[in-house]
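The shown structure was predicted, so the numbers you read here are calculated from the model rather than taken from an experiment. Each chain gets a letter, A, B and so on, in the order the sequences are listed, and its residues count up from 1.
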There are 2 protein chains.
Amino acid sequence: MQRLDIKSALTRREAAKKPPEDKSPCSACSVRHLTVCAALDESELAEVSAISKTIELAAGGPLFDEGEKASNLYNVTAGTIKIYKLLSDGRRQVTGFLFPGDFVGLANESLYAYSAEAVTVCTVCRFSRRELEPLLDRHPKMERRLLGMASHELAAAQEQMLLLGRKTAKEKIASFLLSLSQRAQDRGQSGNPVTLAMSRTDIGDFLGLTTETVSRTFTHLRSAGVIVLHPGGKVEIPGINRLREISEGL
Amino acid sequence: MQRLDIKSALTRREAAKKPPEDKSPCSACSVRHLTVCAALDESELAEVSAISKTIELAAGGPLFDEGEKASNLYNVTAGTIKIYKLLSDGRRQVTGFLFPGDFVGLANESLYAYSAEAVTVCTVCRFSRRELEPLLDRHPKMERRLLGMASHELAAAQEQMLLLGRKTAKEKIASFLLSLSQRAQDRGQSGNPVTLAMSRTDIGDFLGLTTETVSRTFTHLRSAGVIVLHPGGKVEIPGINRLREISEGL
DNA sequence: CGTGAAGTTGAGTATGCTCAACGGTGGTGG
DNA sequence: CCACCACCGTTGAGCATACTCAACTTCACG
C-alpha cells in the first residue's frame with residue numbers, strides 16, 4: 001500500500017515537470033476529496049498546484065519540530081505521520097496520527113506547537129503559509145473547508161481527552177483499534193483487518209500507556225478472542241461489536 | 001466581578017430595546033477584543049448585533065447537551081462555562097473551561113460533540129448557525145479570526161493531552177493553576193491570586209483525577225509553601241516560579 | 001547466520017483510586 | 001431564628017491498575 005502510494009506520488013512529480021497544461025497535477029490527487037482541496041474547480045486547483053511542492057519523507061524523517069517557525073503547512077497524501085509533544089525529561093505524548101488527506105501545520109502563533117515526524121515512508125504537499133494565506137482570502141470556500149477540518153480535529157481531540165483522562169488500558173486499546181478501523185474505511189480501505197503502521201511505543205505514547213501495558217493488553221484481547229494478531233501489524237477483529245462494548249466500558 | 005459583568009449585560013440589553021442608532025450594543029462589549037468580533041468595524045458590528053441575542057445562565061444551567069442539534073454558537077461575555085463529555089457509566093471528562101471572550105459551539109457535523117454548562121452565573125451571546133454562516137461568507141476577516149481561534153484551541157487541546165497522558169497529579173495541578181493564572185492575566189485580571197470558580201469535582205474531571213487526589217495535592221502544595229488557599233476559591237501563589245518547575249516535572 | 005531493535009512476559013512496586021468518616025457551609029423549612 | 005440537611009472539601013486506610021525493571025523471544029536486516 002505504501003509502495004503503491006509512492007508510485008502515484010512519483011507520477012505526480014513527473015507531471016509537474018511538464019509544461020503547463022489544462023490539467024494541474026493536483027487533478028490527479030487520489031485523496032483530494034478528503035483534503036482541504038476538495039470541491040475546488042480546475043482553475044483553483046491550478047492555483048494550488050502553483051504554490052505546492054510534493055515532498056517525500058523516509059520513515060522516521062522529521063517534518064518539523066515544536067518551537068520551529070511555522071512557515072509551512074502540509075497535506076498528507078501517502079503514508080502515516082505522527083505529531084507529538086515532549087516534556088523536558090523526555091516523556092512524550094503523541095497527540096495524533098495523520099493519514100492521507102489530513103492537514104498539518106496550522107498554528108495560530110508563529111511557532112509550531114508540536115513536532116511532526118513520518119512513521120512510514122510518506123508523501124506530503126507543502127504550502128508556504130505566506131503564499132497560502134492570500135489564496136485563502138480569494139477562495140472563502142477553501143477557508144471554510146479548513147475551518148471545517150479544524151473543527152473536526154477539535155472534536156477528535158476532545159474524544160482523545162476523554163480517552164486519556166477516563167478510560168482504562170483495555171478501553172483505550174479498544175477505542176484506538178476502532179478509530180483506526182474507521183479512519184481506514186473513511187479512506188476506502190479495509191477497516192478489518194486494520195494495519196498498525198506504528199510501533200508499540202508510539203501507540204503507548206498516544207494512549208498514555210507504556211509499551212509493556214500496550215503489549216499485555218493486546219495479548220489479553222487476543223486471549224479473549226476479540227482480535228487476532230497477524231504479521232506485518234495487521235489486526236483482524238472478529239469481535240468488532242464486542243470491541244465496541246469494551247471501548248465504552250460495558 | 002460577576003456582578004459587574006451582569007450589570008453591563010443588562011445595560012447592553014436595554015440598549016437593544018432602543019431604536020437603531022449609530023452605535024450597536026456590541027460596541028460596548030467589554031470583551032470584544034478577545035472574541036471573534038475583534039477587529040470588526042461599526043457597520044459590521046451592527047450586522048453581528050442584529051443576529052445575536054444576549055442570554056443569562058444561572059450557575060449550573062445547561063447551555064446545550066452532547067448529541068443535540070448544533071443550531072447555535074455562543075460567545076461567553078461573563079462568567080465561567082465548562083464543556084464535557086460523558087461515558088455511559090457516568091465517567092466524565094471536562095474538556096475545557098471557557099471564560100469571557102471564548103467561543104463555543106463549533107461543530108463540523110450537525111450535532112454538538114460535547115455538553116456545555118454554566119459553572120457560575122454567566123452571560124453569553126447567542127448566534128444562530130444559519131444566520132452566522134452567510135455573515136462569515138461576507139466577512140472573510142471574521143472567518144479568518146474564527147480559524148485563528150480554532151487553531152488556538154487545538155493547541156490548547158494538545159497541551160491538555162500531554163497533561164492527561166503524561167503528567168503526575170502534582171504536575172497536573174501545577175499546570176492547571178498556571179494556565180488559569182495566565183488566562184486571567186490575558187483578560188486583564190489578576191493572575192495572582194487566581195480564583196477557582198469551579199468545584200474540586202470539576203477540576204478532577206478536567207485533569208483526569210478524583211476529587212480526593214485534587215484535594216490532597218492542593219494540601220501538599222500548601223504544605224510545601226508553593227500556594228496559599230484563601231476562602232472563596234482564591235489561590236495565592238507565592239512560589240510561582242517553583243510552580244512552573246513543578247508543572248514540568250523538575 | 002549474526003546482530004540489534006522491537007515485542008512479549010514476569011515479578012514487584014507505587015501512584016492514584018475506592019471506600020469511609022468527619023468538619024464546615026449555605027440553603028430550607030419548621 | 002435556628003435546627004436540619006445536603007453538599008463540598010478534607011483526611012485516612014487499604015487496594016488495584018498500570019508502571020518499573022528485567023529477562024527472554026521474535027523479527028528485520030545486513
Side-chain angles (χ1 to χ4, degrees), chain A residues 2-3 58-60 82 87 89-94 119-121 163-176 195-224 227-235 246 249, chain B residues 58-60 82 87 89-94 119-121 163-176 195-224 227-235 246 249:
Chain A
Q2 283 159 17
R3 195 161 299 268
K82 68 183 173 204
L87 288 171
D89 61 2
R91 279 176 287 173
R92 193 174 63 141
Q93 179 66 39
V94 171
V119 172
T120 64
V121 177
L163 178 149
L164 290 169
R166 290 302 182 209
K167 291 191 179 178
T168 64
K170 203 161 108 181
E171 290 163 3
K172 285 176 176 183
I173 295 286
S175 302
F176 176 65
T195 303
L196 306 183
M198 65 291 293
S199 70
R200 295 290 186 265
T201 303
D202 285 342
I203 297 174
D205 284 347
F206 182 56
L207 301 178
L209 300 170
T210 57
T211 59
E212 293 95 328
T213 300
V214 171
S215 186
R216 274 187 251 274
T217 308
F218 272 120
T219 303
H220 179 211
L221 289 173
R222 182 165 52 77
S223 309
I227 61 172
V228 182
L229 298 171
H230 293 289
K234 285 214 188 324
V235 181
I246 292 172
Chain B
K82 67 183 173 205
L87 288 171
D89 61 3
R91 277 175 288 174
R92 195 173 62 141
Q93 179 67 39
V94 171
V119 172
T120 64
V121 177
L163 179 150
L164 290 169
R166 290 300 182 212
K167 290 190 180 179
T168 65
K170 203 160 109 180
E171 290 163 3
K172 285 176 177 182
I173 295 286
S175 303
F176 176 65
T195 303
L196 307 183
M198 65 293 290
S199 69
R200 294 289 186 265
T201 303
D202 285 342
I203 297 173
D205 284 348
F206 182 56
L207 301 178
L209 300 170
T210 57
T211 59
E212 293 94 329
T213 300
V214 172
S215 187
R216 275 186 251 273
T217 307
F218 272 120
T219 303
H220 179 214
L221 289 174
R222 182 165 52 76
S223 309
I227 60 172
V228 182
L229 299 170
H230 293 290
K234 285 216 189 322
V235 181
I246 291 172

Rounded to whole angstrom units, what separation is found between the CD1 atom of A:Ile173 and the C1' atom of C:dG7? 13 Å
Taking ring pair (Phe, Tyr, Trp, His ring centres under 6.0 Å) as the definition, give me every residue that meets it alongside A:Phe176, ordered by chain and number, with sequence neighbours left out. A:Phe206
For A:Thr211, enumerate each residue passing the side chain to side chain donor-acceptor pair (under 3.5 Å) test, keeping only those at least two apart in sequence or located in another chain. none
Which salt bridge (Lys or Arg N to Asp or Glu O under 4.0 Å) pairs, counting each pair once, include a residue from residues 212-222 of chain B, with sequence neighbours left out? none
Write down the distance between CG (A:Leu229) and C1' (C:dT9), rounded to a whole number of angstrom. 15 Å
Kindly compute the distance separating OG1 (B:Thr213) from CG (B:Leu207), expressed to the nearest 0.5 Å. 10.5 Å
In whole Å, what is the span from the CZ atom of A:Arg200 to the P atom of D:dA18? 17 Å
Test item: A:Ile246 and A:Ile173 side chains (from C-beta on) under 4.5 Å apart, heavy atoms: no
Nearest-Å distance, NE2 (A:His220) to P (D:dA18)? 11 Å
Figure out the CZ/C1' separation between B:Phe218 and D:dC8, and round it to whole Å. 14 Å
Spacing of A:Lys172 atom NZ relative to D:dT17 atom C1', expressed in whole Å: 11 Å
Within this structure, what is the CG-CG distance for the pair A:Leu164 and B:Leu163, rounded to the nearest 0.5 Å? 10.0 Å
What string of B, S and - do you get for nucleotides 14-23 of chain C, 5' to 3', when a contact is any protein heavy atom under 4.0 Å? --SSBB----
Residues in side chain to side chain donor-acceptor pair (under 3.5 Å) with B:Thr217, at least two apart? none
Can you give each donor-acceptor pair under 3.5 Å made by side-chain atoms of residues 195-204 of chain A, sequence neighbours left out, with the distance rounded to 0.1 Å?
| residue | atom | partner | partner atom | Å |
| --- | --- | --- | --- | --- |
| A:Thr195 | OG1 | A:Lys234 | NZ | 3.2 |
| A:Ser199 | OG | A:Thr201 | N | 3.4 |
| A:Ser199 | OG | A:Asp202 | N | 3.1 |
| A:Asp202 | OD1 | A:Lys82 | NZ | 3.0 |
| A:Asp202 | OD1 | A:Arg92 | NH2 | 2.8 |
| A:Asp202 | OD2 | A:Lys82 | NZ | 3.2 |

What is the distance, rounded to the nearest whole Å, between atom CE of B:Met198 and atom C1' of D:dC8? 15 Å
Report the distance from atom CZ of B:Arg222 to atom C1' of D:dT10, rounded to the nearest whole Å. 9 Å
Counterpart residues, side chain to side chain donor-acceptor pair (under 3.5 Å), relative to A:His220 (two or more places apart): none
Rounding to 10 degrees, work out the angle separating the end axes of the helix from C:dC1-D:dG30 to C:dG30-D:dC1 (five pairs an end). 40°
Atom CD in B:Glu171, atom CZ in B:Arg166: separation rounded to 0.5 Å? 12.0 Å
Does A:Ser215 have any side chain to side chain donor-acceptor pair (under 3.5 Å) partners at least two apart in sequence or in another chain, and if so, which? none
Base, sugar-phosphate, or nothing for A:Ser215, non-hydrogen atoms under 4.0 angstrom? base
Protein heavy-atom contacts under 4.0 Å, written 5' to 3' over nucleotides 23-30 of chain D as B (base), S (sugar-phosphate only) or - (none), form the string --------
